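On a predicted model such as this, the values are computed, not experimentally measured, just so you know. For reference, positions follow the sequence shown, starting with 1. Basis for what follows: all heavy atoms, side chains included, without hydrogens, waters or symmetry-related copies.
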Amino acid sequence: MTDSKFNEFVEIVKRLRKDCPWDREQTNDSIKAATIEEAYEVVEAIEKKNYDELKNELGDLLLHVVFHTIIASESNGFTIDDVIDSIQSKLIRRHPHVFGDVKVSGSNEVKKNWEEIKLEEGRDSVLDGVPEMLPALQRAHRLQEKASKVGFDWEKKEDVWKKVIEEIEEMHEIEKVKSQPAEPSLAKGGKSKVKSDEELYNQLENEIGDVFFALVNYARFLDINPENALRRTNSKFIRRFGYVEEKIKSLGKKLSDSNLKEMDFYWEESKKIV
């Protein structure tokens, strides 16, 4: 039943590609942004624990997998069978403890073996395969995870936290310099030693990046996915700010007619309710 359903679905998408003017116009490039959007909608349905929605969103994502493949097949790139063969081979090759004779003591060893097998497959670096297009927070987490699997990691959680504090202090040092009036002085050759606003801005941006990177690392040591944590906080902010908006509206006012003291009162109230 599953095979026939899948084949029927593939034929429907092929017909759309042939007979629908919009579908005929699409390329792998033109729909790549929509593919990312569908993936995020899957994540949103998972977080809502809405299985009806998840079912529909997974269907949309499957449509993109098949559609991308059909487009590629038209230029003899690959077929749906090639896609399936590729993932089947990869799963078998990277799970020798399941499909071979390799013995493992637990999931950590599975992850370590996985990275070693990737290198044997021809990757130049352990960090290869982390997409550049990932959100920066998520990418930082994956880079640190991958490095840790080959032993490049902190030994103690406490040292990771010290690094967070160190990076925050370095950020504040640059912030202080940036906020102070420049006092020109000349270096050898008569050139000014004072850094330009652009140089200080770039340095501050680097330091703030280091703070985020260190915090992501600490979250990893707490076994917290920072992307999930921040997404949860975003949702919490939206709920609480929405409460503030509703309260101000109930007074017959616009937010622009309110003030920080009033909004902050309802914000604190929202913490007990939403």
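Listed for the T69 side chain is a donor-acceptor partner under 3.5 Å among the backbone atoms of V65. With hydrogens and angles ignored, the 3.5 Å screen pairs no side-chain donor or acceptor of D60 with any backbone N or O of E57.
Shortest non-hydrogen contact noted between P226 and V216 is CG-CG1, 3.8 Å. The two residues T79 and D82 have their closest heavy-atom pair at N-OD2, 2.9 Å. Contact detail for K253 and D257: the closest heavy-atom pair is CE-O, 4.0 Å. What you find for L200 and K178 is that their closest heavy atoms are CD1-CA, 3.9 Å. Residues I117 and P96 approach most closely at CD1-CD, 3.8 Å, considering heavy atoms.
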TODO: Kindly determine whether H141 and Q138 satisfy side chain to side chain donor-acceptor pair (under 3.5 Å), including the steps that lead there.
DONE: CA-CA 5 Å; H141 186 243; Q138 187 175 351; over 6 Å; no
- [ ] Test S4 against N7 for side chain to side chain donor-acceptor pair (under 3.5 Å), laying out the working first.
- [x] CA-CA 5 Å; S4 62; N7 291 333; over 6 Å; no
Task: Worked check of side chain to side chain contact (heavy atoms under 4.5 Å, CB included) between E173 and E207 - done: CA-CA 10 Å; E173 284 302 313; E207 295 298 341; over 6 Å; no
Open item on the list: What verdict does the side chain to side chain contact (heavy atoms under 4.5 Å, CB included) test give for E47 and R232, after you've listed the backbone C-alpha separation in whole Å, the side-chain angles of each residue and the deciding distance to 0.1 Å?
Closed with: CA-CA 9 Å; E47 292 200 337; R232 179 174 290 185; over 6 Å; no
Open item on the list: As a quick check of understanding, evaluate side chain to side chain contact (heavy atoms under 4.5 Å, CB included) for F152 and V126, giving each step before the final call.
Closed with: CA-CA 11 Å; F152 189 76; V126 170; over 6 Å; no
- [ ] Starting from the C-alpha separation in whole Å, work towards a yes-or-no answer on side chain to side chain contact (heavy atoms under 4.5 Å, CB included) for H97 and V110.
- [x] CA-CA 8 Å; H97 55 288; V110 170; 3.8 Å; yes
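Atom CD of E198 is surrounded by 12 or fewer heavy atoms from other residues, nucleotides or ligands within 6.0 Å. Enclosure of atom CZ in R15 is not indicated, since only 12 or fewer non-hydrogen atoms of other residues, nucleotides or ligands lie within 6.0 angstrom. When the shell of 6.0 Å around NZ of K118 is examined, it contains more than 12 heavy atoms from other residues, nucleotides or ligands. More than 12 heavy atoms of other residues, nucleotides or ligands shown are found within 6.0 angstrom of CZ on R93. Annotation: Y201, atom OH; neighbour count of heavy atoms from other residues, nucleotides and ligands within 6.0 Å does not exceed 12. When the shell of 6.0 Å around NZ of K149 is examined, it contains more than 12 heavy atoms from other residues, nucleotides or ligands.
When hydrophobic residues (I, L, V, M, F, W, Y) are linked wherever their side-chain heavy atoms come within less than 4.5 Å, the members clustered with L204 are W154, V160, W161, V164, I165, I168, M171, I174, I208, V211, F212, L215, Y218, F221, L222, I224.
Hydrophobic clustering, with ILVMFWY side chains joined whenever heavy atoms are under 4.5 angstrom apart, groups L251 together with F241. Hydrophobic clustering, with ILVMFWY side chains joined whenever heavy atoms are under 4.5 angstrom apart, groups L62 together with V13.
Using a 4.5 Å cut-off on side-chain heavy atoms (C-beta onward), W114 and H95 make contact. Between P135 and Y40 the shortest side-chain heavy-atom distance falls below 4.5 Å. With contacts defined as side-chain heavy-atom distances shorter than 4.5 Å, the pair V83/S86 does not qualify. Contact annotation: the side chain of F213 approaches that of Q144 to within less than 4.5 Å [non-hydrogen atoms, C-beta and beyond]. By the 4.5 Å heavy-atom criterion applied to side chains, E41 and E53 are not counted as neighbours. By the 4.5 Å heavy-atom criterion applied to side chains, D23 and F67 are counted as neighbours. Looking at heavy atoms from C-beta onward, L63 lies in side-chain contact with F9 at the 4.5 angstrom threshold. In this structure, the side chains of K103 and E109 stay at 4.5 Å or more apart for every pair of heavy atoms.
Here the straight-line distance linking atom CZ of F237 with atom CH2 of W267 works out to 5.0 Å at 0.5 Å rounding. Put simply, NZ on K247 and OG on S258 are 13.0 Å apart, with the number rounded to the nearest 0.5 Å. Here the CG-CG distance, from D153 to N217, works out to 6.5 Å after rounding to the nearest 0.5 Å. To the nearest 0.5 angstrom, M133 atom CE is 7.0 Å from K32 atom NZ. Note: E262 CD to F265 CZ = 9.5 Å, rounded to the nearest 0.5 Å. Here the OG1-CG distance, from T35 to L61, works out to 7.5 Å after rounding to the nearest 0.5 Å.
Exactly one of T233, N228, N234 qualifies for a side-chain hydrogen bond (donor to acceptor under 3.5 Å, both in side chains) with R231. That residue is N228. For the salt bridge (charged side-chain N to carboxylate O under 4.0 Å, His left out) criterion with R17, the lone passing option out of E25, E74, E11 is E74.
With salt bridges taken as basic N to acidic carboxylate O contacts below 4.0 Å, one links E44 and K48. The residues K162 and E166 are annotated as not salt-bridged, no charged nitrogen and carboxylate oxygen being separated by less than 4.0 angstrom. Ion pairing between R142 and E145 holds under the 4.0 Å rule for side-chain N and carboxylate O.
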